[in-house]
Number of protein chains: 2
Amino acid sequence: MSVPLYQAKAELFRTLGHPVRIRVLEMLGEGPRPVRDLLAELDVEASSLSQQLAVLRRAGIVTATREGATVVYALSTSDVAELLGAARQILTDMLDTQGKLLAELRAESGAG
Amino acid sequence: MSVPLYQAKAELFRTLGHPVRIRVLEMLGEGPRPVRDLLAELDVEASSLSQQLAVLRRAGIVTATREGATVVYALSTSDVAELLGAARQILTDMLDTQGKLLAELRAESGAG
DNA sequence: TGGCAAGTTGAAGAATTCTGAAACTTGCCC
DNA sequence: GGGCAAGTTTCAGAATTCTTCAACTTGCCA
């Protein structure tokens, strides 16, 4: 076996662990986009975005296609959307639980 | 808004981005486990494992319960399993694609 | 109470990752 | 060919994260 699956998973998650990269993936989830568009929405420097795109490219999560002067990025697999969805699910779950705990605490201190 | 969702997602993924933490989550996916058991399967030092467990705890992904001398860990939400499943899906997808590309290349060089 | 097993915590140095600045390609239009 | 727009690459310093070692709790049992 070359790379154990759990290590590949860890690397995949690490690759996703950056706000700009997440936003890029979310935008690409709606369809391919030229770098220019990503840049317009992201409020980061071009070189910085390029770095993050390179990270995603190296990981094989996105593909880049040159069309004349512009470069268009796209998801390599649409499964990425599910991953992001699962993450959102977990986060809302956790926020929910926290909210309930807070409410209980408030109720207790009100009653006690 | 306190923390933007995309940033929370990035932090969540970053939290998962470590081989030991992945393996711990996979084991906990089968049910709660005392640290001792995790340690037995993982081939890392106790203090190192403890560090990684602390990362997962701080992120709210797992919970720790003391039972006498032993500490038992469990997933805070079973949604984590889906996240890991989605990751596996992406990886097998990508390996698959790569495999096909390799096969095509071999076919071409064989034919050419 | 002493001692051991089970974990956790703190800290320092090594290794990675981030960020922004500057330089470098490519393609296009004049 | 000259110049500009669109991206990428390289690099150095700052910030994070990892790993290991040592010290510290807790609970249990003799």
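Labels below follow one simple rule: chain letters A, B, ... track the order of the sequence lines, proteins then strands, and each chain is numbered from 1.
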For [X], run the side chain to side chain contact (heavy atoms under 4.5 Å, CB included) check against [options] and tell me which one passes.
X       : options                   : result
B:Val24 : B:Leu42, B:Leu75, B:Val35 : B:Leu42
B:Leu16 : B:Val80, B:Val55, B:Ile61 : B:Ile61
B:Met94 : B:Asp96, B:Thr92, B:Leu91 : B:Leu91

For the atom pair [atom1] ([X]) and [atom2] ([Y]), what is the distance rounded to the nearest 0.5 Å?
X       : Y       : atom1 : atom2 : answer
B:Lys9  : A:Arg21 : NZ    : CZ    : 15.0 Å
B:Leu49 : B:Asp43 : CG    : CG    : 11.5 Å
A:Leu12 : A:Leu83 : CG    : CG    : 6.0 Å

| query | Nucleotide range of DNA chain C contacted by chain A, 5' to 3', under 4.0 Å to a heavy atom? | reply |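 Counting from the 5' end, contacts occupy C:dT17 to C:dC28.
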| said: Would you say that more than 12 heavy atoms from the other residues, nucleotides or ligands in this model lie under 6.0 Å from the CZ of A:Arg33, or not? | reply: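 Yes.
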| query | Is A:Ala69 touching bases, backbone alone, or none of the nucleic acid, heavy atoms closer than 4.0 Å? | reply |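 Sugar-phosphate contact only - A:Ala69 comes under 4.0 Å of backbone atoms but never of a base.
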| With a 4.0 Å cut-off on heavy atoms, is B:Thr70 in touch with a base, just the backbone sugar-phosphate, or nothing at all? | sugar-phosphate
| task | Assess whether side-chain contact (heavy atoms from CB on, under 4.5 Å) is satisfied between A:Ile22 and B:Phe13, documenting all intermediate values. | result | CA-CA 10 Å; A:Ile22 291 292; B:Phe13 284 128; 3.5 Å; yes
Output one line per pair: protein atom, nucleotide atom from nucleotides 18-22 of chain D, and distance, for all N/O pairs under 3.5 Å.
residue	atom	partner	partner atom	Å
D:dC18	OP1	B:Arg21	NH2	3.3
D:dT19	OP2	B:His18	NE2	2.9
D:dT20	O4	B:Gln51	NE2	3.2
D:dC21	N4	B:Ser47	OG	3.0

| request: Spell out, as yes or no, whether a donor-acceptor pair under 3.5 Å connects the side chain of A:Arg58 to the backbone of A:Gly60. | output: no
| message | Please tell me whether B:Leu53 and B:Val72 are part of a single hydrophobic cluster in this structure, the criterion being side-chain heavy atoms less than 4.5 Å apart. | response |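 No, it is not one cluster - the side chains of B:Leu53 and B:Val72 are not joined through contacts under 4.5 Å.
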| field | Stretch residues 30-42 of chain A: residues that reach within less than 4.0 Å of DNA chain D through a heavy atom | value | A:Val35, A:Arg36
| task | Report the distance from atom CD of B:Glu67 to atom P of D:dG27, rounded to the nearest whole Å. | result | 13 Å
